[in-house]
Amino acid sequence: GEGEAAGPVADAPVKGGELTFAVDTEPVSFDVHVSQQDITGTILRNVFDSLVHQDGQGGFQPWLAESWEVADDLKTYTFKLRKDVKFTDGTAFDAEAVKANFDRIADPATKSQLAATLLGPYDGTEVVDPHTVKVSFKQSFAPFLQAVSTPYLGFYSPKTIKENGAKLGSGGAVDVGTGPFVFSAYTKGQNATFTRNPDYAWAPKGATNAGAPYLDKLNIRFLPEASVRVGSLTSGQVHVSFALPPADAKAVEGNSKLALDRRDAPGANYSIYLNAAKAPLNDEKVRKAIQRGIDIDTHVKTLYFGEYKRAWSPLSPATAPYAKALDGSWPYDQALSGKLLDEAGWTTRDSEGYRTKDGKRLTVDWPLLPASFIREKRDVLGQAFQADLKKLGVEVKRPQGDIGTYIATVYGGKADLADYSWARAEPDVLWLLFNGASKPAEGGQNATFIDDPELTEWTDKGRSTLDKATRDDVYTKIQQRAVELGLVIPVYTSAFTNGRSRTVGGLEYEANGWPVFQGAWVTKK
Amino acid sequence: MNEPLLNVEGLSVRFPETRAVRDVSFTLDRGECLAVVGESGSGKSVTARSLVGLAGDRAEVTARRLEFAGLDLASLDEKAWRRVRGGRIGLVLQDALVSLDPLRTAGAEIAEALRTHTKVPRDQVGERVRELLVRAGVPEPEVRAGQYPHQLSGGLRQRALIASAIAAGPELVIADEPTTALDVTVQAQILALIEELKKDGTAVLLISHDLAVVSRLADRIAVMYGGTVVEHGPARQVLDDPRHPYTRALIAAVPEPSGRGSLLSLPAHEGKEPDPDGCPYAARCVLADDRCRTSLPALAPREAGTRCWHPVSGPITRERRPQAEASPVRDGDTPLLEVREVSKSYRGRPAVSGVSLSLLPGESLGIVGESGSGKTTLARIVLGLVSPDEGSVSFAGVPWSALPERRRRPLRHRVQAIVQDPLGSFDPRHPVSRVLDEALALTGHERGPRRRARAAELLALVGLSPAVLPRSPSSLSGGQRQRIAIARALASEPELLVCDEPVSALDVSVQAQILDLLTGLRARLGLALLFISHDLGVVHHVSDRVAVMKDGRVVETGEVTALFQSPSHPYTKELFASLPALHRVS
Amino acid sequence: MSPVVRILAGLGTRLLGAAAVMFGAATLAFAALALIPGDPVTIMLGPFTTASQEIRDQIVLDHGFDRPLHEQYLSYLGRLVQGDMGESYQLQRPVAGLISEQFGPTAELASAAVVLAVVIAVASAVATAGRGRASRRAAHAWELVAVSLPSYWLGIVLLTVFSFRLGLFPLVGASGPSALVLPAATLALPIAGVLAQVLREGLETALEQPFAVTARARGLSRTAVRLRHALRHAAAPLANLTGWLAGSLLGGAVLVEVVFGRAGLGALTLQAALNKDMPVLIGVVLLSALVFVVIAAAVDLLHLLVDPRLRPA
Amino acid sequence: MTTPTLPEARWKAWRPARPALLAAWTVIALIVLAAAFPGLFTGRDPLELEPAVAMRGPSPEHWFGTDQLGRDLFTRVVYGTRPSLLVGLGALTLALAAGALYGLAAALLGRFADVALMRLLDVLLALPQLLVALLALTVLGSGQVNLMIAIALSLLPAYARLVRAEALVVRRSGYLESAVLLGQHPLVQAFRHVLPNALGPLLVLGTVGFGMAVIAASGLSFLGFGAEPPSPEWGVMLSEGRDYLQTAWWLGVFPGAAITLTVVAVSVAGRSAQARFTRRTTL
Ligand SMILES: Nc1ncnc2c1ncn2[C@@H]1O[C@H](COP(=O)(O)OP(=O)(O)OP(=O)(O)O)[C@@H](O)[C@H]1O
Ligand SMILES: Nc1ncnc2c1ncn2[C@@H]1O[C@H](COP(=O)(O)OP(=O)(O)OP(=O)(O)O)[C@@H](O)[C@H]1O
Ligand SMILES: [Mg+2]
Ligand SMILES: [Mg+2]
């Protein structure tokens, strides 16, 4: 698709050469069917192709599937597969392969942490003929096309599944796919190397490079230290660096040898979700007071040096349909917040200046993830909000325990606030966030802990139709209602800020904002 | 008489904190032996070391004259010094037991000396080493050469050390305390070895704090005190007719059969400190006047003389001591202590085997024997610190060693001990007052003025002023420490005092005072003493009866004078034979 | 006892001790595992997971979390004896494999660091022992600071200066000595500081010993005494400490490997600790216990070589 | 099985020069003051935001510059003193107390107890200190208190060993013997003589342990087991600052300097104390 060419392209494509790509995290498991980490998808996108390709506008293009039909009840999807596709171990890609992979994902023994969810109410796959498969679901399931466009529903060669089924997670040559690159080697804690797949000829429709990649070798280096990533980029030790800290963005832009590729992350913005199921946030007034009482604009700007957009909706502008109407509709207004809190009866104040109601202090619990899980300085941002709300007379507690405790409290609905973002280029992510059935206790993500009939209805409706108009309508309404009810405080749309040496050309970014190296090259200096 | 081999004039050595040696002069001829005696800290070693340019980086050495075989030592540079050291002057350091590198074989050390100074071809080094060891009187030299210091006895180490010092055939050998910490028998052998050297024409500078030791082979004696030579002259003269008050005190202090029954320490007093250039002895000297405190007479390097304004002459007169014998030992008395056939062995090696002793109230029993003969072990058994493997100890008629500690504890105050190292027996954090206080508390004196009064009494008893109460034992002199230890022992009014080498770490003069104190106390309080020492003179001086130990057994026991006059057991005979005496029986 | 018997006996006791330590370590690690609060499955899955219930049940089954503790312990010991350290929760791979794969880089880093540290220490100590005040003060100063610097901080600074600014020692070129220099230095400097002090102290005490003076009285030069006598005496404590530090380098490796993005046990350990991946942690614990036992033995042997007094008579 | 010397062995080294000592004590005094009354050093509030002046370098009004939220770094460093020291001190006190008891028990409770306790210690000693800490944190979970416990646990074995060794020396000492001869009760002996004399060197080593503890703490917060924001803690600040090395060096440099300075000062003081101590006992 038109994963838009990023930055000024350095002249004409150059064959051969090696490109080093520095990433911030190392996949725990390299098994796309098991892992739930973004990084796994990001890296293995180069190894695994999908049936369909999602373009920049959220439309879908043929890839391994030449064409497809969706039953009206959205319960069966039938794909016609390309006939010329080969796995890098030489075996052919066919209907059997698709079935083998989907069945593997659905099998509990695989312990899939994400892919299984993407398969939704999967019922089974039927091999119609060697190049036709029919995937059926127990209920109608609209998001499937998007799901099947992600690497998590990518395809291992059935051979490797049979021979190395258990070892796929450990990366290296066993991870055999159909993609432009072959996963040749992996040194845990250090780097993973990928070599060119010379036979590659099935790039998604409209890709600038239809054939095999230009690069001979793709070397992915794991550098968890942000400063180290930046340093090795500026000192020319790596060509592309993933997730640059906003602090260094300016410096990179200023550097004539470097370019900065910025792309808003799709899916759910980084937002704070309010637990409306328990006091004090079961009172809408209090929720809205908090929502309006924090100076998101300033803090996001200062902390991220303007690299991240301040968010107005729970959904990212990069994911259609985005509710434009929300922009600027709920500005920072402490006076209003004060009024709301008074109305809510939090009128008296205690010695430390916090508001109280019949002797109880207005306190909200906002557990903090263990430091190792904190990204993008969200803890610091939290400190800023803490300070704002203190001015308002609201005490914010941020207990930090180990991950077990965190999960127990937050996902058990014992906390008042929970904060996270959810990268998935599909509005159905809203179902995960607001549908009453998406209970955190059962692997859901609805941290508002209430089952608002309309939100539930609309999210269900959205995933059960492919009709653009209806979807646009319900998804827009969902975003607006969630904000109006003060169930969510959208904070910022994080961006993929990747640093790139100007010697790198043809680097593209797909719907998730992940770099695709199939069309990339490095010009020798 | 031609130029002496070594000619020292006005040698002075200062360290930042002290003036170790001041204006020392002497000469030394080939084949001659000059003995330097003096108490600890008098500057002997520093003098010796500065003769080989090793007084230390912080030392500042000056001399009007420092000549060795016509060579001006003062003007030597490091390289030249290296040729002299070991090559022409051999130095045997004071601490014989630790002067060999514990990580290298004795042979290697000797060979090192050979290599640095002589052109012995490699293949013959081993042979030369063997010869040297033989010369130093080391049995089975091949074996010894290959052994490490820890595998050699004290005597052997000392011999090996001497062998390495004479390896390059030096004209002068300086032996600093070559016999201290050695058993008398071994002592005698070492002295014999040095005598050999002397006979071969080597000049010997013999340093010792023990007059008796040097009297045997010194041609001349220089007595040092406070960094200066206070008297020197031909050995006989210095020994028989000492002139300097200090020399006299020193000689008087040596316990000798003749001196038995009289005090060893001459009257001394605590005078005020003299000026830097006054006579250092003025502080202790009874004869000292202002002149002594401000100035010091000169002394000619060659001929005999005394560095004193009031030289004394004539025989030394000792005071009678309070009669210890006044507490006569009557037969038929129930023994206070009864040791029956006790044996104790460590890891199969017997330390004490089948020893029987008995001690009457008020009696003083001396125990002599070479190192390792089991004296301390026996003492510890008597004290109930070690329980014997066999045999038993009974105290005042009741079983003692057999008692469980719980039952023995209430009786412990009746038996007390004094050990060689008093400092080690004080809690490093406690001042003198606390040390005594604890002892008194444990023996039922309840705290308050009476206890404090008692503490003062005890101090008076051991001849110390209450001024020491607040001080830490570590800040006191060796003699004072031992007095404190005695005071603590007396706190519980014991009937038996076990003394394990109580004076062997002390200078003769101090030793004299302590011995006088002990004998005095014994007479006064009717204490019984179990007195352990390797020094026959000392034992003879303090005890009524003596038991001689060897290899954990008592080989002979008897009334002291009788035993000394006619020892029967061969070992005892050898022991007494090798005992160096001040006045050679001529 | 005859020497042979003595030696054998010594060997025996050592082996017993080693075994005891290993067993203790194993038990300790298991105790830790048992003590972790919270549901292991949730911990294993971490946050932000949408794993369904049957998947959770599957995990419980696989790891036998449902069985009583003592059973788990016994079977755990049983498996250990057969050299099976179980499978990593997070990475779903056999621990033995993981560790053996990560051991190489760390061993490489550690040994490089030790060598570097010893070299620096010997240089600094021999140069300054018993010399003028000024030089000693200077030496003490750098040693003290080196010891007082947080190593990760030192690492980042070294990286910024030497790799990023000056372009020496590339970090990403990975493997090969040049990539080893900075991490090794980071690890070595603090250790070097410690070693230098111990070594100097050893030298100085040795030089004050009577046997050193005697050696000079024999006509040896200062340097000769240093080399022939003093050094050997200083060697023993140095060996001791080096051994101990070498054993504890795994700890330092955690920080350094994270900073330099190096593969190795340190990184593995950290990841395991963060994810509460106990099987891996247990593996690491056992390994470092083993390493320690081996090093201790080596050090003792070294002592026997250096110091005859320790040899069985 | 013999265990190689513990790192503490090193601190026998030297007696620092007068001026160094003076400087050290001044620093310590300042640190203690800052910990007790941070208000004395700055009028600002460590949590007060000033987005307008975020990420400014050192200047007359902000000596150490400001951080991402425009908080005054100097103020944060000053207020960070208490929590940072608390971790170190807390860990140290725990380790010392536990170690002392453990060591005494091993030395005085007889052969069997000794063997058992020492074996257990061997196990802990066999593990790198950081690994022990990590293990403990994995079990306890992160957070300031757990951090303390973990570090204490990693320091404990060294101390226990030392105390035991010292206690055994005292037990063989002449002065304990004379206490026995005077018929003193074993318990009294233990507390009059054994404990105090064994404790001396331990306390001196403590000063060193403090340095180790502070560094360990900062290292662990770097690894993500740190204290809870927004309370400023040096280790946390330092590890946050590392991301800005290229753009805002002061964010990392000043907390780092604070840590190093503290550790240096305390160990200098500690060494002189130890020099004095060893001198006293060797006299
Ligand atoms: N290296 C040194 N630094 C400072 N003072 C020293 C040094 N060596 C010796 N002294 C001092 O010089 C004085 C004489 O010391 P020296 O060792 O010569 O006494 P000594 O007669 O050998 O005593 P001993 O019989 O105990 O060996 C003593 O007061 C001693 O403290
Ligand atoms: N605690 C012990 N453990 C092992 N062996 C010991 C112990 N105490 C004494 N021995 C051995 O017992 C023998 C006698 O020792 P003891 O100390 O009683 O001799 P001694 O006559 O006091 O020697 P010295 O005159 O040197 O004090 C020696 O061989 C010594 O090595
Ligand atoms: Mg001397
Ligand atoms: Mg003895």
Side-chain angles (χ1 to χ4, degrees), chain C residues 13-14 16-18 20-21 24-25 28-29 32 35-37 136-137 140 144-145 147-153 156-157 160 194-195 197-198 200-201 237 239-241 243-245 247-252 254-255 258 269-270 272-274 276 278 281 284-285 288-289 292-293 295-296 299-300, chain D residues 1-7 9-14 16-17 20 119-120 122-141 154 211-212 214-216 218-219 222-225 235 238-239 242 245-246 252-253 256 259-268 271:
Chain C
T13 42
R14 164 170 298 291
L16 274 181
V21 168
L28 190 82
L35 283 172
I36 290 191
R136 301 181 80 232
R137 290 267 155 80
H140 286 311
L144 187 51
V145 173
V147 175
S148 311
L149 274 175
S151 63
Y152 62 94
W153 185 232
I156 294 181
V157 172
T160 321
V194 181
L195 290 183
Q197 287 167 357
V198 173
R200 179 186 301 100
E201 192 200 336
N240 266 337
L241 197 51
W244 192 88
L245 290 169
S248 67
L249 270 184
L250 175 60
V254 174
L255 289 156
V258 169
T269 311
L270 179 63
L274 289 174
K276 298 206 184 293
M278 280 316 281
L281 274 184
V284 175
V285 165
S288 39
F292 174 87
V293 169
I295 290 183
V299 169
D300 282 7
Chain D
M1 170 184 137
T2 62
T3 13
T5 329
L6 303 170
R10 63 188 173 190
W11 301 107
K12 290 242 163 45
W14 56 292
R119 278 273 163 274
L120 181 58
D122 280 345
V123 176
L124 282 180
L125 278 166
L127 305 179
Q129 293 187 331
L130 196 79
L131 182 57
V132 174
L134 278 180
L135 203 60
L137 284 167
T138 316
V139 174
L140 303 169
S154 68
M212 297 171 116
V214 169
I215 290 188
S218 84
F222 169 86
L223 293 177
F225 297 92
L238 177 50
S239 46
R242 72 183 192 266
L245 209 60
Q246 311 272 11
V253 166
I259 293 179
T260 311
L261 199 63
T262 312
V263 176
V264 169
V266 173
S267 21
V268 167
R271 286 150 174 238

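Naming convention: chains lettered A, B, ... in sequence-line order (proteins, then strands); numbering from 1 in each chain. Given the structure is predicted, the values throughout are model-derived calculations rather than measurements.
Nearest heavy-atom pair, C:S151 versus C:L255, reported as atom, atom and distance to 0.1 Å: OG-CD1, 3.6 Å. Scanning all heavy atoms of the two residues, the minimum distance from C:S288 to C:L250 falls at CB-CD2, 3.9 Å. Smallest separation of non-hydrogen atoms from D:L127 and C:A289: CD2-N, 4.1 Å. Closest approach of C:G243 and C:V299 over heavy atoms only: CA-CG2, 3.9 Å.
Heavy atoms of C:L28 lying under 4.5 Å from chain D belong exclusively to its side chain. Both the backbone and the side chain of C:I156 have a heavy atom closer than 4.5 Å to some heavy atom of chain D. Contacts of C:V258 with chain D are made by side-chain atoms alone, with heavy-atom separations under 4.5 Å and no backbone atom involved. If you measure heavy-atom distances from D:L261 to chain C, you find no contacts under 4.5 Å at all.
A 4.5 Å side-chain heavy-atom check between C:W153 and D:S218 finds every atom pair outside the cut-off.
Between chain C and the residues D:L134, D:I259, D:V263, D:L238, the most heavy-atom pairs under 4.5 angstrom are made by D:L238.
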